[in-house]
There are 2 protein chains.
Amino acid sequence: MDTRRKKTLSQPASGGQRPALSRSSRGDDRPDAPAGGRGLSKRAEPDVRRQSLIEATARVLARDGATGASVRPIAVEAGVSPGLINHYFAGIEALIAATYSSVGDQVSHALAAAVAAAGDDARARLTAYVTASFAPPIADRALLATWIAFWSLTGKPQIAERHDAIYARYREDLEALLADCGIAQTELRLTAIAITALVDGLWLELCLSPDSFTADEARGLAERQLGSALSCREGRDCPQEPADEERSADA
Amino acid sequence: MDTRRKKTLSQPASGGQRPALSRSSRGDDRPDAPAGGRGLSKRAEPDVRRQSLIEATARVLARDGATGASVRPIAVEAGVSPGLINHYFAGIEALIAATYSSVGDQVSHALAAAVAAAGDDARARLTAYVTASFAPPIADRALLATWIAFWSLTGKPQIAERHDAIYARYREDLEALLADCGIAQTELRLTAIAITALVDGLWLELCLSPDSFTADEARGLAERQLGSALSCREGRDCPQEPADEERSADA
DNA sequence: AACCTTATTATACGATCGTCCAACAAGCAA
DNA sequence: TTGCTTGTTGGACGATCGTATAATAAGGTT
């Protein structure tokens, strides 16, 4: 419902508002916007309106990045007036936080779809999961701009909380796929962290400067890392992390 | 050349901000404000002034991130008036681009120092290079905030250019260390890309949400990746990237 | 001295930021 | 119809943004 009412510090500054002008120009010149697309200023179901604001925010973030995500451009994109945003969200920051969760879910679903399309073989599903980051819609400069905007706000607890949830879910899904491939329980967590980091780093640089390597090369490197992780399961010769006490020689 | 003048450059212009004294009536109220701690901003050598502005920008970026890096806070941090920034730089964007190069150099030097401290053994130097990212001054939230601010501006060619140069240099240094460890020439480029991506991803997540894993774990994972890369050099059984034709079975 | 160059300040300007608010409008209950 | 609730609008407000510019200060040259 309201979710508002801060009645904060600033007094209305005494003097009454300007009587303002009549809105006579409105309400008779246009019957209303037809369905579909923008310009819907009809009354909407609260959940529908909330979602349309979130989606508009995602589009603006993708197009203009963090600096462009301000109230008025988002309102224009959603086809509503600026004031409506503060009616549905406690502030622009809350709207962006909600958008983080929404975009995070979309990414998660895109990865799940890639896994589902890979069939039943555990190894193929794992490969599909990690290499999906190097193809559309994940490997996209606009998505990176969106993501960077979220990162730039992780100073605020509200956003950091969602970041942790999204990444925890990503690693959780990855751990499940790794377990299906026979990775030992004790290795699951760190293996998932390493693969996540590699994929994240490759995805980041692939979007930031696409000339330094190709998406195919990124796929190959991720695949190699998977092979290395899986070879440990078969008792092969694989490099082990040195024990903590052995690691002091390099300082 | 009184001695008081010399230290004013590095002075953050703390307290005595402007005693009201607005200069609306120029030249009659007060010719100068000589005494007191307010001696900031004498004339400086152009290069010195430029550098002090760059350093002030780096401090503001580290403290407040991308959204805080605007003309007036930077000017306050540098202890000069806002207008001076446009005297030395073509705009705020040019100042931030220059700061990107400067911070990139500092990071590069910090990594080089870690390598130099590791001694003469090639393997130890390589380890020092990659694990330095997980210790101060690299593994630092403020540095991440700075870096994210740069990333958020890579849409502008001026910044993207700097990003490419900085990352190319990072990979170049890494390739040299890998070559010293005997990595084959044909594998150098992709190996460096993979290690850079892993380190970047670990560094990013370590700074963003430090609770998901520890710096020691990050070091161990990077070390394991190095071991995997180096084991190939000895003709051991190491996972290979599958050929491009073999990768289409998952649809 | 007078003159010139330029570093530096302080402010002005228009644009845009987030938030708040009073008036309008749409739906629903009586 | 009349009333009531609430989604929605368009703008006001103060703060801050980047840039531009006239006035002043400082150093160097002749």
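By convention in this document, chain letters (A, B, ...) are assigned in the order of the sequence lines, proteins followed by strands, and residues within each chain are numbered from 1. Just the heavy atoms: all of them, side chains too, but no hydrogens, waters or symmetry mates, feed the values below.
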Problem - Whole angstrom value for the distance that separates P of dC13(D) from CG of Asn86(A) - result: 18 Å
Completion exercise
When Glu93(B) and Pro82(A) are each assigned the nearest nucleotide of DNA chain D, the 5'-most assignment goes to Pro82(A)
Exercise for the section: Keeping the roles fixed (side chain from Glu217(B), backbone from Thr214(B)), state whether a donor-acceptor pair exists under 3.5 Å. Expected result: yes
Fill in the blank from the handout: Of the listed dT19(D), dT9(C), dC17(C), the closest approach to the Arg72(A) side chain comes from dC17(C)
Problem - Donor-acceptor pair, side chain of Ser209(B) and main chain of Ser212(B), under 3.5 angstrom - result: no
Practice task
Just call it for Leu84(A): base, sugar-phosphate, or nothing, with non-hydrogen atoms closer than 4.0 Å on any strand.
Solution key: base
Exercise for the section: In whole angstrom, give the distance that lies between atom CD1 of Ile96(A) and atom C1' of dG18(C). Expected result: 11 Å
Handout entry: Nearest-angstrom distance from the residue atom CG of Leu153(A) to P of dG18(C)
Key = 11 Å
Exercise for the section: May I ask you to evaluate whether His87(B) reaches the phosphate of dA7(C), defined as a side-chain N or O under 4.0 Å from OP1 or OP2? Expected result: yes
Handout entry: Nearest-Å distance for atom pair OH/C1', residues Tyr88(B) and dG18(D)
Key = 20 Å
Practice task
Determine yes or no for a side-chain-to-main-chain donor-acceptor pair under 3.5 angstrom, with Arg171(A) supplying the side chain and Ala192(A) the backbone.
Solution key: no
Practice task
Decide, yes or no, whether a salt bridge links Asp164(B) with Arg169(B) under the criterion of side-chain N to carboxylate O below 4.0 Å.
Solution key: no
Practice task
Compare the minimum distances between each of dT8(C), dT19(D), dG18(C) and the side chain of Ile92(A), then state the nucleotide with the smallest one.
Solution key: dG18(C)
Exercise for the section: Report the nucleotide, chosen from dT19(D), dC17(D), dT8(C), that has the shortest atom-to-atom distance to any side-chain atom of Ser70(B). Expected result: dC17(D)
Problem - Distance in angstrom units between Leu53(B) CG and dA7(C) C1', rounded - result: 12 Å
Handout entry: No-H, no-angle donor-acceptor pair, Arg49(A) side chain to dG7(D) base, under 3.5 Å
Key = no
Exercise for the section: With side-chain hydrogen bond (donor to acceptor under 3.5 Å, both in side chains) as the test, would you mind laying out the steps for Thr131(A) and Arg219(A) before giving the verdict? Expected result: CA-CA 5 Å; Thr131(A) 60; Arg219(A) 269 187 283 270; 6.0 Å; no
Fill in the blank from the handout: To the nearest angstrom, the CD1-P distance between Ile85(B) and dT19(D) comes to 10 Å
Exercise for the section: Round to a whole Å and report the spacing from CD of Glu45(A) to C1' of dG27(C). Expected result: 11 Å
Handout entry: Closest listed nucleotide, where the reference is the side chain of Ser81(A) and the choices are dT9(D), dC17(C), dG7(D)
Key = dT9(D)
